[in-house]
K.L.:
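Pasting in a structure now, in structure tokens, and then I'll have a few things to ask.
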2 protein chains.
Amino acid sequence: MATPEEPPPPTAHDGLVDALVQVSFVTMAVLSKVGAEHDLSLTQLRVLGILRDRRVMMTRLADFLGLEKSTMTGLVDRAAKRGLLERGPNAHDGRAVDVFLSPAGAALAVRFQAQVRRSLSPLISELGPAEQRQVRTLLERMLGPHGPG
Amino acid sequence: MATPEEPPPPTAHDGLVDALVQVSFVTMAVLSKVGAEHDLSLTQLRVLGILRDRRVMMTRLADFLGLEKSTMTGLVDRAAKRGLLERGPNAHDGRAVDVFLSPAGAALAVRFQAQVRRSLSPLISELGPAEQRQVRTLLERMLGPHGPG
DNA sequence: TATTGTTATACTCTATAACTATA
DNA sequence: TATAGTTATAGAGTATAACAATA
């Protein structure tokens, strides 16, 4: 007899979902904090990460981030004004604008990544070496067949 | 001989850090998306989550979220205007303002949680039951001695 | 005609500083 | 004097709609 307001049927993996969400919040908090030390928002961090090994047009960057192209204009404007990235012409399409990291931006991305690794170490060090390999494998599996590329 | 710009020495758990960050981004994207379907930002979601089983004063809410109290004013204003939560007097301090979920807010929180669980299922279903128990245990260990409370 | 990018506008989120009311 | 909360203000992040230039 289900009432109109059915209580959510707790499934076997509810506990996993909760742990996943909590760990994600902690991880994002670390990312935010390290980013803030460089005056970088999470979105700006993602931009640096995406451009790390790519030169892409505005629209593609917006697709990667799941944002509107008009949002990209402001995001790229601010990062460019700080000298972290640059705009340039696209070789194949006169309408398109390419975006790519400046040397300063690339250097910052490298420093940032190292800092994130250090900042997440305490979390990870709760586990032994074998367990670390385990979680890593399992997390990568969760990310799907696209794999850790 | 280390150069002034030392290349970051890759440690054993770098791969785990990367997987953790990626999984966290995916998880937050799911949270954002489900939240957006209810016109709720990640911060508003966290507010609902915190108030789920608590009545707290503004300052305490700000502490939980790591935000300034002035930020809370706007956040609570908007959520209250939508009827999701209410302000009330604090029994022990005439200066303080308590915040708590309205019935509508509590109902939304329940619906939201169920929806998040469904939305994260595909990710989790990449693993078998035994593996799910494993990750859960390991993630909870990473969250530290504070435990999954 | 469709697509790329920018501009204009508006709203949310966030912080700092100044203020009020209570402790 | 110190603390709780709000207001004022400013800037970043986001979206929608209208526009210019190119395809």
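Here is the naming used below: chain letters follow the sequence lines, and residue numbers restart at 1 for every chain.
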K.L.:
Just checking, is any N or O donor in the side chain of A:Gln115 or A:Glu37 under 3.5 Å from an acceptor N or O on the other one?
P.N.:
yes
K.L.:
A:Arg117 side chain to B:Asp18 main-chain N or O, any donor-acceptor pair under 3.5 Å?
P.N.:
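It does not hold such a pair.
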K.L.:
So where does chain B start and stop touching DNA chain C, 5' to 3', when the test is distance under 4.0 Å to a non-hydrogen atom?
P.N.:
C:dT12 to C:dA23
K.L.:
Tell me if a side-chain donor or acceptor on B:Gln132 pairs with a main-chain N or O of B:Leu127 at a distance below 3.5 Å.
P.N.:
yes
K.L.:
Can you tell me the distance, in whole Å, between the CG atom of B:Leu67 and the P atom of D:dT6?
P.N.:
14 Å
K.L.:
Can you tell me how far the CD atom of B:Glu131 sits from the CG atom of A:Leu16, to the nearest 0.5 Å?
P.N.:
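CG of A:Leu16 is found 11.5 Å from CD of B:Glu131.
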K.L.:
Just call it for A:Met57: base, sugar-phosphate, or nothing, with non-hydrogen atoms closer than 4.0 Å on any strand.
P.N.:
sugar-phosphate
K.L.:
Of A:Leu42 and A:Arg95, whose nearest nucleotide on DNA chain D comes first from the 5' end?
P.N.:
A:Leu42
K.L.:
In chain order, what residues pass the side-chain contact (heavy atoms from CB on, under 4.5 Å) check against A:Asp98, with sequence neighbours excluded?
P.N.:
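side-chain contact (heavy atoms from CB on, under 4.5 Å) list for A:Asp98, sorted by chain: A:Arg55, A:Met57, A:Asn90.
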K.L.:
Nearest-Å distance, CG (B:Leu61) to P (D:dT6)?
P.N.:
11 Å
K.L.:
Rounding to an integer number of Å, can you tell me how far B:Asp77 CG sits from D:dG5 P?
P.N.:
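It works out to 13 Å between those atoms.
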K.L.:
Under 4.0 Å, heavy atoms only, any strand: does B:Thr71 hit a base, just the sugar-phosphate, or nothing?
P.N.:
base
K.L.:
Using whole Å, what does the distance between atom P of nucleotide D:dA21 and atom CG of A:Asn90 come to?
P.N.:
19 Å
K.L.:
Output the rounded distance in Å from NZ (A:Lys81) to C1' (D:dG11).
P.N.:
11 Å
K.L.:
Take the protein atom CE of A:Met72 and the nucleotide atom C1' of D:dA12, then report the distance between them rounded to whole Å.
P.N.:
14 Å
K.L.:
Quick check against the 3.5 Å criterion: does A:Arg82 have a side-chain atom that pairs as donor or acceptor with the backbone of A:Asp39?
P.N.:
yes
K.L.:
Indicate, with a heavy-atom threshold strictly under 4.0 Å, whether A:Ser41 touches base, sugar-phosphate, or nothing.
P.N.:
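The residue A:Ser41 makes sugar-phosphate contact but no base contact.
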K.L.:
Specify the separation, in whole Å, of atom CZ of A:Arg46 and atom C1' of D:dA12.
P.N.:
16 Å
K.L.:
Look up atom CG in B:Leu138 and atom CD in A:Glu126, then write down how far apart they are to the nearest 0.5 Å.
P.N.:
12.0 Å
K.L.:
Give A:Asp93 one of three labels, base, sugar-phosphate or nothing, depending on what nucleic acid heavy atoms sit under 4.0 Å from its own.
P.N.:
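Sugar-phosphate contact only.
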K.L.:
Could you pick out which residue, A:His92 or A:Gly66, lies toward the 5' side of DNA chain D when each is mapped onto its nearest nucleotide?
P.N.:
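Per heavy-atom nearest nucleotide, the more 5' residue is A:Gly66.
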K.L.:
Look at all strands and tell whether B:Thr59 reaches a base, only sugar-phosphate, or nothing, counting heavy atoms closer than 4.0 Å.
P.N.:
sugar-phosphate
K.L.:
If you look at every strand shown and take non-hydrogen atoms under 4.0 Å, does B:Arg87 touch a base, only sugar-phosphate, or nothing?
P.N.:
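Counting heavy atoms under 4.0 Å across all strands, the contact made by B:Arg87 is with sugar-phosphate only.
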K.L.:
OP1 or OP2 of D:dT14 less than 4.0 angstrom from a side-chain nitrogen or oxygen of A:Thr43, does that happen here?
P.N.:
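Checking A:Thr43 against D:dT14: at least one side-chain N or O falls below 4.0 Å of OP1 or OP2.
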K.L.:
For B:Lys69 and B:Arg78, take the nucleotide of DNA chain C holding the closest heavy atom to each; which residue's nucleotide lies nearer the 5' end?
P.N.:
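Taking each residue's closest nucleotide, the earlier one in sequence belongs to B:Arg78.
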